[in-house]
Amino acid sequence: MNNDHLIREIDAALTAHAQWKHKLSNAINIGQCEQGADAIACDDRCAFGQWLYGQTLDAGTKARKPYQVTRRLHADFHVSAGKIAKLAEQGEKAQAWALMDSEYSYRSDKLNRALQKWRGELSR
């Protein structure tokens, strides 16, 4: 896979994962999610996760550290998002907001930094 394609996928992931904060905030406010909490917690259901686990990436890319780190952080991100979605569905707004401001923000920032670093390495 060429670097231009990888960069486009990473850019799409950065955009899509930035939108999760809005989706989760909305879910907390209205008490329901577009998707169920269990689905949100799965890291292979979003477009980026399907790409990460799919067949378009070659074995060499998957063996490198940027991919490995991104895959782990992406999974952690979805676990946190799933927890927030579950709390939102249960009407636990205060707990959901607290998790959003702590664990979710931390994991989201780490994922974004890893994606940006991977993108930077591909742009050289």
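Predicted model, so just to flag it, every value in this text is computed and none were measured.
- In this structure, Lys86 has no side-chain hydrogen bond (donor to acceptor under 3.5 Å, both in side chains) partners at least two apart in sequence or on a different chain.
- No continuous path of hydrophobic side-chain contacts links Val79 to Leu111 [ILVMFWY only; heavy atoms under 4.5 Å].
- Listed by first then second residue, pairs satisfying salt bridge (charged side-chain N to carboxylate O under 4.0 Å, His left out) with a partner in residues 96-111 read Lys83-Glu103, Glu103-Arg107, not counting sequence neighbours.
- Between Lys117 and Pro66, every side-chain heavy-atom pair lies at or beyond the 4.5 Å cut-off.
- Closest approach of Leu73 and Ala114 over heavy atoms only: CD1-CB, 3.6 Å.
- Put simply, OG1 on Thr61 and CG on Leu122 are 8.5 Å apart, with the number rounded to the nearest 0.5 Å.
- Rounding to the nearest 0.5 Å places CD1 of Ile7 at 12.5 Å from CG of Leu115.
- With contacts defined as side-chain heavy-atom distances shorter than 4.5 Å, the pair Glu9/Leu6 does not qualify.
- Using a 4.5 Å heavy-atom cutoff, the side chains of Phe77 and Ser108 are in contact.
- Not a single side-chain contact (heavy atoms from CB on, under 4.5 Å) links Gln50 to another residue, sequence neighbours left out.
- For the atom pair CH2 of Trp118 and CD of Glu121, the computed distance is 10.0 Å after rounding to the nearest 0.5 Å.
- No donor-acceptor distance shorter than 3.5 angstrom exists from the side chain of Asn26 to the backbone of His22, with no hydrogens or angles considered.
- In plain terms, the two heavy atoms of Ala88 and Ala96 that are nearest each other are N-CB, 4.3 Å.
- Interatomic distance, Lys93 NZ to Ile30 CD1, rounded to the nearest 0.5 Å: 9.5 Å.
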Indicate every side-chain donor-acceptor pair of residues 36-49 with a distance under 3.5 Å to a residue at least two apart or in another chain.
from: Asp43; atom 1: OD2; to: Tyr53; atom 2: OH; distance (Å): 2.6

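- Linking Ile, Leu, Val, Met, Phe, Trp and Tyr whenever their side-chain heavy atoms come within less than 4.5 Å puts Leu57 and Val69 in one cluster.
- Applying the side chain to side chain donor-acceptor pair (under 3.5 Å) rule to pairs touching residues 65-77 yields His17-His74, His74-His78, sequence neighbours excluded.
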Intermediate values then yes/no, side chain to side chain contact (heavy atoms under 4.5 Å, CB included), Tyr106 and Ser80 = CA-CA 10 Å; Tyr106 173 76; Ser80 292; over 6 Å; no
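- In this structure, CG in Leu24 is found 11.0 Å from CG in Asn29, a value given to the nearest 0.5 Å.
- Without hydrogens or angle criteria, Ser102 side chain to Ala98 main chain gives a donor-acceptor distance under 3.5 Å.
- Residue pairs meeting the salt bridge (charged side-chain N to carboxylate O under 4.0 Å, His left out) criterion with at least one member in residues 10-21, sequence neighbours excluded: Asp11-Arg119.
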